[in-house]
Amino acid sequence: MKRYKLKKNFDREQGQYAIDYKGELNPQQFKAVTNINGPQLVIAGAGSGKTRTLIYRVAYLVENNIDPSSILLLTFTRKASQEMMRRAANMLDSRCSKVSGGTFHSFSNYILRKYAPVIQFTPNFNVVDRGDSEDIINVIRTELGLNKKEKRFPRKGTIMGIISKAVNKCSDIARVLESDYPHFAENLPDIIQIAQKYKEYKHQQQVMDYDDLLVYLRDLLRDNEQIRWKISDTYRYIMVDEFQDTNKLQAEIAAHLACRHQNIMVVGDDSQSIYSFRGANFRNIMDFPQNFPGTLVTTLEQNYRSTKPILDLTNAIIENAYEKYSKTLFSEIPGTEKPIYLETRDEAEQGEFIAQRVLELREEGVPLNKIAVLFRAAWHANELELELKNRNIPYVKYGGIKFAEAAHIKDIISFMRVMHNPYDEIAWMRILLLLEGIGPGFAARIIASVLKLEGELKGLIDKEFEKKKFYLSLMELYNTLARLKKSALSPGEKLEKVVEYYQPLFKIQYDDYQRREKDLESLVRIAVRYTSMEQMLTEMVLEPPDTSQVDVEATGADKEKLVLSTIHSAKGLEWHSVFLIHLVDGFFPSSRSIDNAEEIEEERRLFYVAATRAQQNLYLLSPQLEAPSWGFQHQGYGFSEPSRFISEIDNFDGLTDSWALEIDSDDPF
DNA sequence: TAGTGAGAGGTTTTT
DNA sequence: CCTCTCACTA
């Protein structure tokens, strides 16, 4: 780890800075850091010190007496954002921790709560996740009687996907349908109707989904000049990281934010664009200079992360991209180890190899948390996880099903949600269906009764339900909620009481409740941190805790854990040694993208992102896999082919070392 | 109207 | 494989 000396006695009058910018940065980085006014685009290759440039720029601004809270750092993913904010806070001195920033979504949330009335929302609107959105769609679809129509009507998830894509691309449903879902073309009018109702519903219930956060912020800025000016005046220096992952909506927001000063720096890498499935468009980068005349463009090409042999391979990977990129990375980090390529007989062997190799690396002094296993889809690691558990190798897994999306967690959160915003029908529905004897029909009537009283909880125990056998449990629910809502307990304590109330319902609801019980304890532990209910609820959706799914706890002294991560979640991070698994056609690239040229391009960029995470060691693993029964049309006799991204590489054998597994002859098999 | 069980169909990645 | 849907029973 590099150590920075903080020189406390400097004299700014003489143009001296606490940090030796010129000495610690290369000329391109220095140029980007010290040019503080006007629009700027930094095209930064993988490992070229992109984040470093950003945070040095923060320090430089602060040293130039810019108020830290007027500096805004934005990015798309939480991971990247946390890393960026953490490193920024550690620069220079405590002033740097006052910098504003976060993900686009969390920033939007923050601003929208302030200006909620302008867009006809209460400041306690709830934010709903994808699952909740789909539930709302489902209700609407049933209400409109569209589920019984013809058999081929798209399911709720698909409908939500269509609507969301239209929003994120600033397109419309007709166009999305035409380009991505031609087989549902005939359902266009119905889907448009659902989308319209969906919007009304959310407003009526005072909830926003992920997309709304961006849309309403864009609208707020676009339609209110005064507010736009005020916000733009507040954030005088804007920096956006991973700009290639932003979509049109986010680019518009960024432009509005900069309207008063044009002090906006965006950083990105066109060859690492991997979020087009949600409307991200790397052309945002390309078009930036046109949208901001006078943009200073800097390209960072020196890689400070990987050894030369690794970089030679990653350059060869991206060489096959259809679009030719303007930069070639080089590295001065010596290294003799070429990346290692290994075909294994099956998935189990892949897991055994990794487990064994990981332990060896640790023997050699590489801490577990400096080693990562990366994969295309979360379930690719399932078998590996079993192997790691067997061998007691502690690990954390990122990506895949999230803690906050588990049904029992959502149950608890729903109680909190209705206390915070009683118009939240989806949360009510969830709660009421837990009570025995209440199904969708009565649940709807009970909710209506609550809404009639403008959200008064008393609506729960309306005389209408007095004769029903579930009345007693309704009373109990009412008592619990009313008492908690009035009480002065902290959000964490309230949540704990809810968990107590929930226990019996929980045991009836889930056969496997014992497996889930631990999660409830974790949730309570997480909840005590919060002083505000609103913050707790928002963070559960926007920055949900991602640990907790881990079963193998690190023992004793070594707290370090091996990292398992989807490639998407690994973006922007780096490890000493990286294992890339499931490099098999149909898995990576995924069979879903195989007949779409553009998607193949994105998969290749994803492969590139994965390989460029490695500093010293890179292992490429290609097991023989059985084609999933539902998967791609597998040719031949059930033998899978190594990923096309490997076979297409020029001189692959020269760039890598191939290993072959030798099975120990004492092995009973 | 709630709860259950069989069958079908879709299966990535993030906020 | 897991979730959603629909039809059936109580």
Legend entry - Distance between P atoms of C:dC4 and B:dT13 (Å, rounded):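 Pairwise P distance, C:dC4 against B:dT13, rounds to 15 Å.
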Inset, instruction - Rounded to whole angstrom, note down the P distance from B:dT12 over to C:dT5. - result: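 That atom pair is separated by 16 Å.
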Between the main-chain N or O of [Y] and the side-chain N or O of [X], is there a donor-acceptor pair closer than 3.5 Å?
| X | Y | value |
| --- | --- | --- |
| A:Tyr275 | A:Thr246 | no |
| A:Ser449 | A:Arg445 | no |
| A:Glu601 | A:Tyr322 | yes |
| A:Glu383 | A:His380 | no |

Mind checking if [X] touches a base, just sugar-phosphate, or nothing, with heavy atoms under 4.0 Å?
| X | answer |
| --- | --- |
| A:Tyr275 | sugar-phosphate |
| A:Ser106 | nothing |
| A:Gly157 | nothing |
| A:Glu436 | sugar-phosphate |
| A:Phe442 | sugar-phosphate |

With respect to the phosphate group of [N], does any side-chain polar atom (N or O) of [X] fall under 4.0 Å of OP1 or OP2?
| X | N | answer |
| --- | --- | --- |
| A:Thr566 | B:dT12 | no |
| A:Arg130 | B:dT13 | no |
| A:Ser590 | B:dT13 | no |

What is the distance, to the nearest angstrom, from the [atom1] atom on [X] to the [atom2] atom on [N]?
| X | N | atom1 | atom2 | answer |
| --- | --- | --- | --- | --- |
| A:Leu435 | B:dT1 | CG | C1' | 16 Å |
| A:Met429 | B:dT1 | CE | C1' | 13 Å |
| A:Glu405 | B:dT15 | CD | P | 10 Å |

Legend entry - Heavy-atom donor-acceptor pair, A:Arg78 side-chain to B:dT14 base, under 3.5 Å: no
Legend entry - Toward the 5' end of DNA chain B, by each residue's nearest nucleotide, A:Thr103 or A:Ile438: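 Going by which nucleotide is closer to the 5' end, it is A:Ile438.
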Inset, instruction - Assign each of A:Arg376 and A:Leu542 to its nearest nucleotide of DNA chain B by heavy atoms, then name whichever residue's nucleotide is nearer the 5' end. - result: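 Mapping each residue to its closest nucleotide by heavy atoms, the 5'-most match is A:Arg376.
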Legend entry - Among B:dT14, C:dC4, B:dT1, the nucleotide that comes nearest once only the side chain of A:Arg155 is considered: C:dC4
Legend entry - Side chain of A:Glu603 - closest among B:dT12, B:dA2, C:dT5: B:dT12
Inset, instruction - Give a yes/no verdict on base stacking between B:dT14 and A:Tyr210: centres under 5.5 Å, planes within less than 30° of parallel. - result: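 Stack criterion not met.
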Legend entry - Non-neighbouring partners of A:Tyr110 that pass side-chain contact (heavy atoms from CB on, under 4.5 Å), sequence neighbours left out: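 Partners of A:Tyr110 under the side-chain contact (heavy atoms from CB on, under 4.5 Å) test: A:Lys114, A:Tyr235.
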